[in-house]
Amino acid sequence: MNRDFMATARTLSEALPYMQRYSGAVVVVKFGGNAMGDDAAMAEFASDIVLMKQVGIHPVVVHGGGPMINDLLQKLGIESNFVRGKRVTTRDTVEVVEMVLSGLVNKRIVQAINDAGGRAVGISGKDDDMMVCEADDPELGFVGRPVEMNVQIIRDLYNAGLIPVIAPVATGMADNETFNVNGDTAAGAIAGALKADRLLLLTDVSGVKDGTGEVVTQMHPDQVRAMIADGTIAGGMIPKTETALKAVDEGVRAVVILDGRVPNATLLELFTEHGAGSLIRTTEPRVKPHGLRQGVSEL
């Protein structure tokens with residue numbers, strides 16, 4: 001038991017430089033996947049977000065909610081049509097999307113963070129015209145691509161000590177127009193507009209893998225583009241890495257794609273030497289022995 005206490009104290013001591021490094025930093029976290037449907041995983045995620053806020057980080061949570069949308073569409077008897085594997089979002093469908101994302105899912109996350117001792121406020125991309133979109137593909141209907149970002153409302157919230165929780169629903173250029181936005185896309189656009197220090201994309205995989213199946217712990221954008229071109233990065237990882245590239249281009253210091261199923265994944269990434277998942281950034285880091293991430297001064 002004494003050894004356990006000593007190990008805990010040592011871990012906290014080792015985390016101090018990272019806490020100092022990230023104090024005052026803006027960290028956008030995309031939350032989604034299987035963890036959203038599990039009460040214990042939701043509570044753990046909320047606790048991690050509150051801890052980040054407690055040590056001086058400004059966490060901004062952006063969430064998805066695809067499985068919950070699918071469930072409600074089925075219950076309502078609304079049929080889904082697909083084009084090239086992507087759901088067509090009709091006017092009826094987008095109303096359900098807004099109801100689920102801005103209502104059910106958003107408020108569950110807000111409540112979990114508040115239950116963990118934080119002060120969370122739920123908003124969507126519609127609030128204060130934060131995210132203005134146009135149709136990403138006319139064949140897909142009301143699926144939006146952000147073309148204008150107004151993120152002062154987010155700054156106002158985190159500077160007031162609150163944790164913004166953002167549903168990826170946006171307004172359009174026309175009156176009374178609503179768009180459903182992919183959660184990763186929304187998180188990337190928000191992180192880029194905030195010039196965030198980190199964008200953490202929580203997924204159901206361990207990170208970006210090379211041709212041998214090993215996770216690549218740190219990557220340059222040119223390396224990512226080459227892996228997409230030669231097919232090493234494929235399937236659902238392509239849009240995630242493309243979001244990462246765009247975010248870095250827009251001024252995000254680094255993007256990390258990591259496994260949200262791992263306990264305390266965000267804390268492992270921010271406050272340990274090893275980090276977690278695949279870090280993508282423009283500058284070339286110096287690789288430490290044994291595959292460790294770069295030192296605190298280089299983060």
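Sequence positions, counted from 1, serve as the residue numbers for this chain.
Shortest non-hydrogen contact noted between Ile154 and Pro164 is CG2-CG, 4.0 Å. Counting all heavy atoms, side chain and backbone alike, Met237 lies closest to Val205 at CE-CG2, 3.5 Å. Across all non-hydrogen atoms, the minimal contact from Ser278 to Val216 is OG-O, 2.7 Å. Val215 approaches Ser206 most closely through the heavy-atom pair CG2-OG, 3.3 Å. Summarising the geometry of Leu199 relative to Ala247, their closest heavy-atom pair is CD2-CB, 4.0 Å, with the distance given to 0.1 Å. The heavy-atom pair separating Val248 from Pro221 by the smallest distance is CG1-CG, 4.4 Å.
Contact of the Val26 side chain with the Asp197 side chain is not registered, since no non-hydrogen atoms from C-beta on lie closer than 4.5 Å. Considering only heavy atoms from C-beta on, Val224 stays 4.5 Å or farther from Val208 through its side chain. The shortest side-chain heavy-atom distance between Arg145 and Thr185 does not fall under the 4.5 Å cut-off. Within the 4.5 Å cutoff, no side-chain heavy atoms of Asp184 are placed close to those of Glu242. Two residues are said to be in side-chain contact when any heavy atoms from C-beta on lie closer than 4.5 Å; Asp115 and Met42 fail this criterion. At a threshold of 4.5 Å between non-hydrogen side-chain atoms, the residues Thr178 and Val97 do not count as touching. Counting only heavy atoms from C-beta outward, the side chains of Glu14 and Thr272 never approach each other to under 4.5 Å.
More than 12 heavy atoms of other residues, nucleotides or ligands shown are found within 6.0 angstrom of CD on Gln152. Within a 6.0 Å sphere centred on CD of Glu44, other residues, nucleotides and ligands contribute more than 12 heavy atoms. No more than 12 heavy atoms of other residues, nucleotides or ligands sit less than 6.0 Å from atom CD of Gln54.
Not one N or O on the side chain of Asn264 forms a donor-acceptor pair closer than 3.5 Å with the backbone of Leu267. For the pair Arg198 (side chain) and Val27 (backbone), a donor-acceptor distance under 3.5 Å is absent. Judged purely by atom type and a 3.5 angstrom limit, Glu177 uses its side chain to pair as donor or acceptor with the backbone of Met173. In this structure, Ser102 contributes its side chain and Met99 its backbone to no donor-acceptor pair below 3.5 Å. The backbone N or O of Pro239 lies less than 3.5 Å from a partner atom in the side chain of Thr243, making a donor-acceptor pair. Under the 3.5 Å distance criterion, the side-chain polar atoms of Asp136 are left unmatched by any main-chain donor or acceptor of Val143.
To the nearest 0.5 angstrom, Lys30 atom NZ is 8.0 Å from Leu202 atom CG. Considering OG1 of Thr203 and NZ of Lys240, their distance stands at 6.0 Å, rounded to 0.5 Å. Between atom CZ of residue Arg108 and atom CG of residue Asp39 there is a gap of 7.5 Å, rounded to the nearest 0.5 Å. Note that CG of Asp222 and CG of Leu245 are 9.0 Å apart. Values are rounded to the nearest 0.5 Å. Atoms CD and CG, on Glu79 and Asp92 in that order, are 12.5 Å from each other to the nearest 0.5 Å. One finds the CD1 atom of Ile233 at 10.0 Å from the CG atom of Asp210 (value rounded to the nearest 0.5 Å).
Ala186 is linked by a side chain to side chain contact (heavy atoms under 4.5 Å, CB included) to Val62, Met131, Pro168, Val181, counting only residues two or more places apart in sequence or in another chain. Residues passing the ring-ring contact (aromatic ring centres under 6.0 Å, His included) test with Phe179, sequence neighbours excluded: Phe142. His58 pairs by the ring-ring contact (aromatic ring centres under 6.0 Å, His included) definition with Tyr158, not counting sequence neighbours. For Asp48, there are no salt bridge (charged side-chain N to carboxylate O under 4.0 Å, His left out) partners two or more places apart in sequence or in a different chain. Shown here are the side chain to side chain contact (heavy atoms under 4.5 Å, CB included) partners of Ala120, two or more places apart in sequence or in another chain: Val110, Ile113, Asn114, Ile163, Val165. With sequence neighbours left out, Glu250 forms a side chain to side chain contact (heavy atoms under 4.5 Å, CB included) with Lys246.
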For this session: May I have the step-by-step check of side-chain contact (heavy atoms from CB on, under 4.5 Å) for Asn150 and Asp128, ending in yes or no?
Result: CA-CA 8 Å; Asn150 307 293; Asp128 200 29; 5.6 Å; no
For this session: Please assess Asp127 against Ile166 for the test side-chain contact (heavy atoms from CB on, under 4.5 Å), listing each intermediate value before the final yes or no.
Result: CA-CA 10 Å; Asp127 290 284; Ile166 304 169; over 6 Å; no
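By the criterion of side-chain heavy atoms lying less than 4.5 angstrom apart, applied directly or through intervening Ile, Leu, Val, Met, Phe, Trp or Tyr residues, Tyr18 is grouped together with Leu270 in one hydrophobic cluster. Linking ILVMFWY residues whenever their side-chain heavy atoms come closer than 4.5 Å, directly or via other members, places Val55 and Val29 in the same cluster. Under the 4.5 Å side-chain heavy-atom criterion for grouping Ile, Leu, Val, Met, Phe, Trp and Tyr, Val252 is connected to Val151 within one hydrophobic cluster. Linking Ile, Leu, Val, Met, Phe, Trp and Tyr whenever their side-chain heavy atoms come within less than 4.5 Å puts Met227 and Leu201 in one cluster. Side-chain heavy atoms closer than 4.5 Å link hydrophobic residues (I, L, V, M, F, W, Y) into clusters, and following such links, even through other members, never connects Leu104 to Val169.
Side-chain polar atoms of Thr232 and Asp230 form a donor-acceptor pair below 3.5 angstrom.
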